[in-house]
Amino acid sequence: MSKKRLPPSGAQFIEPDAYPQILSKPAAARALLTLRSAETAAKAQAAMEAAVPPMRAAILGYVEEMEAAAHDMKKLFAIVHEIRGFAETAGMITTGRIAEILCRYMDDMERVGKPLDATIVALHASAIARAARAEDDDVRMGDKVAAELAALVARRLAEAH
Amino acid sequence: MAAGLESIKALVVEDNTHMRSLLRALLNTLGVKDVGEAIHGQAALDILRERKIDLVLTDLAMGPMDGLELTRHLRNDANSPNPFVPIIMITGHTEKYRVEAARDAGVTEILAKPVTAHNLFARITEILERPRAFVRCDSYFGPDRRRHQEADMHTGPWRRADDLQEAEVR
């Protein structure tokens, strides 16, 4: 029994064999071996680790920009979004988590057309800065602060919706 | 022996220099040596018009042209250099409505930040192992968006004409 499906009425289906693929089938098979090899995984891990120091330095730079942009919510959101984007890749787990909570809060409030609570934004910004600057990574303060901020945001979003 | 990943020409479209460097480094570990870089969608289009690109990795939020607009240009423009090119959209904006917007623009795969090698390689594997059919209709051109419905497809009974036609194919 074929699993082939038809397109919706009036639509044209173009099967993979009918348009140019990245690689021929034999080359794709070879590429898949590379993608799944332990050697590739080890090289990739090394590449990820090499990226950490410059990313950490960049995040600390973003934190300074974030603090300078405390009253410019649009700019602050853009910066916090950048922090969220690669803090975890840099091994700054709590920093990324708090940035994620703040981004979600700002995004949701904008969607429902409600004003931001400056205190909530300031609390998050302060926690992001503290987590990012903690020299032993941010594990010690991490989970508890992030959980409390997440609960606070959840309550405010529930009120806003 | 058939050339593998080393023959691929990739383009990374990302406004953050650190993320661009990381993506380039990860592609290099796969043997992909030809990795172009652009800092926004318009710059990417310029490169795509100049040279053949096999794989696009793009951020979502960039100015002046973001990843969604780039994708729409590539899929729908009459002058598109490659309407079928696989596009992996990399984004920290993982809200449902944003993911749906990316899907409806015609991206091939979505990779949520934080980027990991495992997740990036999984998306590339998906593109190579299970290339998707493209759909062209009045309101959309791009990879078939229904692939995740495959597992729970309805097996009947059939009522609509389209359903009956599909059942016959099965």
Side-chain angles (χ1 to χ4, degrees), chain A residues 1-36 40-48 50-51 54-55 57-59 78 81-82 84-90 96 99-100 103-104 107-108 111, chain B residues 1-5 7-8 16-19 21-22 25-26 28-31 54-55 59 61 82-86 90-93 95 97-98 113-118 120-122 124-125 127-138 140 144 146 149-150 153 161-162 165-166 169-170:
Chain A
M1 184 182 288
S2 168
K3 281 191 172 181
K4 187 173 179 179
R5 290 176 299 176
L6 294 178
S9 297
Q12 178 193 1
F13 234 6
I14 304 165
E15 295 292 351
D17 288 341
Y19 69 87
Q21 294 298 311
I22 300 182
L23 295 171
S24 65
K25 285 181 180 172
R30 190 168 157 234
L32 289 171
L33 292 177
T34 302
L35 278 156
R36 291 172 174 145
T40 299
K43 284 183 189 170
Q45 180 62 31
M48 296 291 294
M55 281 193 166
I59 286 175
H81 176 72
E82 290 295 328
R84 171 174 80 162
F86 64 99
E88 289 191 41
T89 307
E100 160 77 24
C103 283
R104 195 172 69 234
D107 198 60
D108 274 15
R111 287 185 73 201
Chain B
M1 185 182 285
L5 289 159
S7 67
I8 287 179
N16 184 293
T17 181
H18 301 285
M19 193 56 73
S21 296
L22 176 64
L26 290 175
N28 287 163
T29 67
L30 294 173
D54 303 302
L55 175 67
D59 189 21
N82 184 357
F84 295 100
V85 68
I90 300 161
T91 178
H93 293 287
E95 297 81 7
Y97 76 100
R98 292 191 197 270
K113 290 178 183 175
V115 169
T116 67
H118 174 82
L120 174 62
F121 294 176
I124 297 172
T125 297
I127 288 167
L128 292 173
E129 196 165 41
R130 282 178 284 278
R132 289 156 65 187
F134 268 63
V135 172
R136 186 189 301 281
C137 61
D138 289 344
Y140 177 74
D144 186 357
R146 301 178 298 172
Q149 295 172 10
E150 194 81 45
M153 280 177 69
D162 281 359
Q165 197 180 6
E166 184 168 347
V169 171
R170 296 171 150 211

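Keep in mind it's a predicted model, so treat the numbers as computed, not measured. Just so we're on the same page: letters track the sequence lines, and every chain starts at 1.
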Original post:
What residues, two or more places apart in sequence or in another chain, satisfy ring pair (Phe, Tyr, Trp, His ring centres under 6.0 Å) together with B/F121?
Top reply: none
Original post:
In terms of heavy-atom pairs under 4.5 Å with chain B, which of A/H81, A/K43, A/M55 leads?
Top reply: A/H81
Original post:
Just wondering, do A/R30 and B/L5 contact through their side chains at under 4.5 Å, heavy atoms?
Top reply: no
Original post:
Roughly how far, to the nearest 0.5 Å, is the CD1 atom of B/I127 from the CD1 atom of A/I22?
Top reply: 5.5 Å
**OP:** Flag the one option from A/L33, A/D108, A/T40, A/D17 with the top tally of heavy-atom pairs under 4.5 Å to chain B.
**Re:** A/T40
Original post:
Who passes side chain to side chain donor-acceptor pair (under 3.5 Å) against A/D107, sequence neighbours left out?
Top reply: B/Y97, B/R98
**OP:** Please look at B/L30 and chain A and tell me whether the side chain, the backbone, both or neither of the residue comes under 4.5 angstrom of a heavy atom of that chain.
**Re:** both
Original post:
Side-chain contact, heavy-atom cut-off 4.5 Å: A/L32 with B/E129?
Top reply: yes
**OP:** Side chain from CB out, backbone as N, CA, C, O: work out which of these in A/E82 comes under 4.5 Å of a heavy atom of chain B, or both, or neither.
**Re:** side chain
**OP:** Look up atom CE in A/M48 and atom CG in B/L120, then write down how far apart they are to the nearest 0.5 Å.
**Re:** 9.5 Å
Subject >> Part of B/P86 within contact of chain A (heavy atom distance under 4.5 Å) >> reply: side chain
**OP:** Indicate the ring-plane relationship of A/Y19 and B/F84, choosing parallel, tilted or perpendicular according to the 30° and 60° boundaries.
**Re:** parallel
Original post:
Based on non-hydrogen pairs under 4.5 Å, which of B/P114, B/G31, B/C137, B/S21 is most in contact with chain A?
Top reply: B/P114
Original post:
Are the side chains of B/V135 and A/I14 in touch, meaning some heavy atoms are under 4.5 Å apart?
Top reply: no
Subject >> Heavy-atom pair of closest approach, residues A/L23 and B/G4 >> reply: CD2-O, 3.6 Å
Original post:
Under 4.0 Å between a Lys/Arg side-chain N and an Asp/Glu carboxylate O for A/E15 and B/R132?
Top reply: no
Original post:
Can you tell me how far the CZ atom of A/F86 sits from the NZ atom of B/K113, to the nearest 0.5 Å?
Top reply: 8.0 Å
Subject >> Option that, when pairs with chain B are counted at under 4.5 Å, heavy atom only, ranks first among A/Q21, A/K25, A/E100, A/Q45 >> reply: A/Q21
Original post:
Of all heavy-atom pairs between A/A47 and B/L26, which one has the smallest distance, and what is that distance?
Top reply: CB-CD2, 4.2 Å
**OP:** To the nearest 0.5 Å, tell me how far B/H18 NE2 sits from A/I59 CD1.
**Re:** 9.0 Å
